[in-house]
Amino acid sequence: MVRWWYGEGLYGQMLRVARMLGATSDYFSIVALLRTLFAPFRQISAGGGTGPLGVRLHAWLDKLVSRLVGGAIRTVTMLVGILMLFLTALIGLLLLVGWVVLPVLPLIGAISAIVWRV
Amino acid sequence: MNNQFNHPRWQAARLANKFNVPTYKAGAIIISALLLLAGALLIYLHVSVGWLVMSLASPLVMVIVWMQRGLTTITVSGGNTLPDRLESAVLGKLPNNPTPTQLAEAAMQTSSGQFFAGRFGIGPTFLSLLSSEAPSATQYVWENALRLHGSTPGPVSGAEIVVALLQAMPNNAQFLAQLQLDEDDVVAGMLWHRHIRELIDYHSKPRRTGGIARDWSFGYAPLLRRFGVNISDQIAHGALLNVDLESHNAARAQIVQLFTHSGRQNATLVGPLGVGKTTVVEAFAAYLLEAKHELPASLRYRQVISLDASALISQARGRGEIEQLMNDLLLEAFRAKNIILCLDNAQLFFEDGNGSIDISNLLLPVLEGGAIRIILTMDEQRWLQISQRNPALATVLNRIIIEPTTREETMRVLQDQLLPLEYHNKVIFMYQALTEAYRLSERYISEQAMPGKALKLLTSATNYADGSLITARSVQKAIEQTTGVKVGTANAPEERDRLLNMEALIHQRMINQTRAVKVVSDALRRARAGVRNQDRPIGTFLFMGPTGVGKTELSKALAEVYFNGENNLVRLDLNEFSQASDVSRLIADAATDPHSLTAQVSKQPFSVVLLDEIEKAHPNVLNALLQLLDEGLLRDVNNKTVSFRDAIIIATSNAGADMIRRSIDAGYSLEQIEQPFVNSLIEQKLFRPEFLNRFDEIVMFRPLNQPELLQVIDLIINGINKNLALQKVAVSVADDAKQLLVEKGYDPRLGARPMRRIVSRSVENLVAKQMLSGTVQPGQTITLTRDDIESSLSGEAVSAAPVVIPPETTTSA
């Protein structure tokens with residue numbers, strides 16, 4: 001069992017942590033958010049600017065607002081995503097450390113019992 | 001297998017087998033929880049040993065995790081021995097140095113064994129009893145299993161062991177045949193089992209489909225969501241189960257290529273109904289959703305929305321509104337930038353009719369421009385019609401032909417699709433049901449292509465489940481109910497008796513012609529016993545002989561005896577097909593002419609097809625019949641194949657009747673004149689040799705002699721008595737009166753046929769008059785003498801009433 005724990009078991013646990021990180025990253029679409037940071041949000045007011053200069057200018061301004069709104073929403077989402085990614089990484093690290101330490105916990109427990117008694 | 005019992009994998013598998021039970025797991029969880037609680041309580045009470053107590057829970061937690069992860073799937077070792085590679089669920093149940101029987105018992109206790117028991121009917125007793133008891137034979141089985149496993153990753157499964165055991169059995173073919181299986185079937189079952197495991201693995205892994213911000217750069221499409229069906233959404237929510245087929249993958253790759261290169265951004269999937277055009281669209285939509293696939297950014301996560309023509313038409317009044325609505329939908333798709341439109345049954349958008357409207361003027365510029373990606377699906381016939389009617393439209397469409405699936409592919413589709421079918425209908429399909437669904441749908445369902453028709457048949461078979469199990473018989477019942485075709489083998493005792501006594505049954509209504517009756521009866525027995533070429537009609541016979549000797553009567557008798565009624569007789573007088581142009585009438589579409597040969601047989605494939613007076617048909621008509629006689633197939637005017645493989649084809653001809661009569665009168669037997677007769681037909685150019693060669697048998701009918709004609713009279717009188725039975729009256733004709741009827745009714749040129757008229761004129765007239773005059777009462781028998789008949793035929797009034805016999809002295813005719 002101990003051989004499995006520090007061999008295949010540990011490797012499996014590392015894969016689980018990697019999958020958790022991947023799933024979090026996918027859920028917050030971090031890569032897509034970065035790539036489309038200033039794309040018009042939901043294509044609202046993203047129509048073409050053909051026609052007289054005034055119309056084109058109006059369309060350009062509308063599009064600019066849409067891009068800025070999109071940029072703001074994406075930035076916030078990205079920040080939340082990065083924070084969640086960081087938390088996930090932290091939980092993953094704790095899980096891995098816990099995995100490594102678990103077999104020696106009785107020893108630590110025994111030492112603690114003696115130390116605290118003293 | 002000696003000295004390997006202590007192999008680490010074997011030991012671990014035994015442990016898993018012993019301890020991987022819910023009670024042990026629950027016990028470990030409860031004890032560790034109690035230790036944690038007790039430890040925490042002690043620490044709370046400032047008793048330092050609490051730390052030790054708490055930490056003692058950790059070995060138990062390790063055991064639980066190890067049991068769940070490490071022991072459930074023990075990874076394979078490097079070697080090729082049984083303990084290195086065998087699935088742990090089987091390995092853990094094996095003793096040291098196992099025999100094939102023990103291997104069989106262990107495998108049958110696992111899910112793999114249960115799979116074979118449920119799907120194939122190969123139960124644990126069957127496998128264990130027939131496996132070898134010799135431990136030395138295990139190595140052979142194992143090597144076989146390794147060969148079957150090939151390069152597949154993971155351990156050798158119980159399913160592979162089951163197949164290896166079956167292959168190692170002597171006379172396995174004989175045992176499998178009892179279950180209507182062969183070795184290829186069990187190998188196919190093993191692959192099916194492997195595929196199910198792969199599917200479970202695939203669906204248990206998390207899918208990467210883009211996350212919450214995936215569609216933020218794309219527009220909203222409320223109108224499209226209202227009038228269309230978002231296939232991508234359905235796939236993301238797991239509503240559609242996708243089938244991974246090579247042929248579909250090729251079509252999907254073609255669509256990807258069309259949409260990633262410059263040019264017209266459309267793909268038109270053309271193929272017959274049921275071929276899987278919609279499934280290809282679904283496979284394409286699923287492919288775009290998977291982050292792991294290598295796709296250009298312009299296609300990744302694009303949404304496929306299918307538009308429903310009938311929903312559009314029902315929502316809009318008139319062409320103007322529909323065009324406006326379609327325009328809005330196209331604009332929305334264009335603005336959203338992530339929509340791929342799918343026009344399922346696209347012909348509905350290109351023709352005016354019920355539930356369809358021609359908006360090609362609107363769609364043509366869109367398809368030409370290529371600003372919106374569009375997938376269209378339509379069947380071949382509609383594609384040809386559209387190409388003919390609107391060549392400009394056909395030019396802009398990129399056609400992708402979807403071919404019907406092969407047998408192997410169809411079986412894979414069925415295996416995948418039956419999982420939701422089983423879940424919804426609470427049934428289990430046996431493998432034999434799948435093969436039967438393929439075989440029968442291929443043969444009897446012509447309006448759809450594979451795999452759709454096999455799936456349709458399998459779906460209808462759920463109504464005929466035998467104790468929630470769907471067997472080959474359930475599928476047979478389903479097709480028998482939907483098409484009226486009788487497909488089961490002759491199992492019922494009464495049917496077996498009927499087949500074995502067919503000659504006697506036919507002779508109840510037919511006099512002599514023993515050779516013809518025997519030839520035909522033999523053919524039918526071969527067919528019902530399954531001993532015949534399945535790719536030809538049941539039998540093809542050319543009946544030659546003078547008129548009125550029983551050719552048509554034998555055809556009717558066959559329909560009655562074999563197909564349970566004269567209604568199963570499709571009769572065509574080929575003297576009505578004497579012009580070259582009559583070929584189209586022969587193979588007319590059922591909608592145009594329900595009485596054409598193809599129309600009648602497609603409705604009633606299990607029939608006697610009687611082609612009367614074949615010598616009078618035009619040579620082109622005979623040419624059209626060549627394929628029918630050879631392969632049992634005939635294409636109608638719409639190129640739809642109609643199967644004649646469950647029909648008995650009988651052609652009759654009077655050609656050369658005089659020669660037969662002269663030869664018989666000269667004292668020759670039928671066997672003696674058979675070959676010269678056929679030669680003379682060819683020499684006289686009445687039939688071409690290749691046409692005559694297509695028949696299984698050329699059966700000659702000889703003219704009837706006097707004693708036989710008397711028997712014919714008896715049959716006719718029996719028929720009259722059957723009709724009179726309703727009035728509880730019978731008629732009896734004296735022997736000398738019968739002789740008179742033969743003398744008056746027999747015509748050497750017309751055979752026995754005029755006798756029926758003579759009997760009608762005399763016997764039936766006399767009986768009718770008696771009944772109307774009230775001289776005969778229910779229960780009485782009218783006896784007719786020679787004088788009665790004579791006077792009746794000479795046109796004299798019946799002066800003296802025929803003798804009426806009271807019931808107690810009745811003698812039947």
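Labels below follow one simple rule: chain letters A, B, ... track the order of the sequence lines, proteins then strands, and each chain is numbered from 1.
- The closest donor-acceptor contact from the side chain of B/Ser58 to the backbone of A/Leu105 lies at 3.5 Å or more, if one exists at all.
- Taking CD1 of A/Ile114 as the reference point, atom CG of B/Leu52 lies at 8.5 Å (rounded to 0.5 Å).
- Applying the 6.0 Å contact sphere to CZ of A/Phe86 captures no more than 12 heavy atoms from other residues, nucleotides or ligands.
- For a residue to count as touching a neighbouring chain, one of its non-hydrogen atoms must lie under 4.5 Å from one of that chain's; by this rule B/Met62 touches chain A with backbone and side chain alike.
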When you look at A/Ile111 and B/Trp51, which way does the side chain to side chain contact (heavy atoms under 4.5 Å, CB included) test go after all the steps? CA-CA 9 Å; A/Ile111 294 167; B/Trp51 292 106; over 6 Å; no
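- When all heavy atoms of A/Arg74 and B/Ser217 are compared, the closest pair comes out as NH2-OG, 3.3 Å.
- Neither the backbone nor the side chain of A/Ala32 has a heavy atom closer than 4.5 Å to any heavy atom of chain B.
- With a 6.0 Å radius and a threshold of 12 heavy atoms from other residues, nucleotides or ligands, A/Leu34 has its CG atom above the threshold.
- Heavy-atom distances place the backbone of B/Ala336, and not its side chain, under 4.5 Å from chain A.
- At a heavy-atom separation below 4.5 angstrom, chain A is approached by no residue within residues 11-19 of chain B.
- Neither the backbone nor the side chain of B/Val53 comes within less than 4.5 Å of any heavy atom of chain A.
- Using a 4.5 Å cut-off between heavy atoms, B/Val65 touches chain A through backbone and side chain atoms alike.
- The choice from B/Val49, B/Val61, B/Thr75 that makes the most heavy-atom pairs within less than 4.5 Å of chain A is B/Thr75.
- Ranked by non-hydrogen atom pairs under 4.5 Å with chain B, the options A/Gly70, A/Ala39, A/Pro106 are led by A/Pro106.
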Working note: A/Arg16 + B/Arg69, criterion side chain to side chain contact (heavy atoms under 4.5 Å, CB included); need CA distance, chi angles, decisive distance, verdict. CA-CA 12 Å; A/Arg16 269 184 200 86; B/Arg69 295 184 193 172; 2.9 Å; yes
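- In this structure, chain B has heavy atoms under 4.5 Å from both the backbone and the side chain of A/Leu102.
- Contacts with chain B were tallied for A/Gly81, A/Gly12, A/Ser112; A/Ser112 has the most, counting heavy-atom pairs under 4.5 Å.
- Between the CH2 atom in B/Trp216 and the OG1 atom in A/Thr36 there is a gap of 9.5 Å [rounded to 0.5 Å].
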Verdict with reasoning, B/Ile212 to A/Phe28, per side chain to side chain contact (heavy atoms under 4.5 Å, CB included): CA-CA 6 Å; B/Ile212 51 169; A/Phe28 285 97; 4.1 Å; yes
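- When heavy atoms are compared at a cutoff of 4.5 Å, B/Asp215 approaches chain A by way of both its backbone and its side chain.
- One N or O on the side chain of A/Arg42 and one on the backbone of B/Phe218 form a donor-acceptor pair closer than 3.5 Å.
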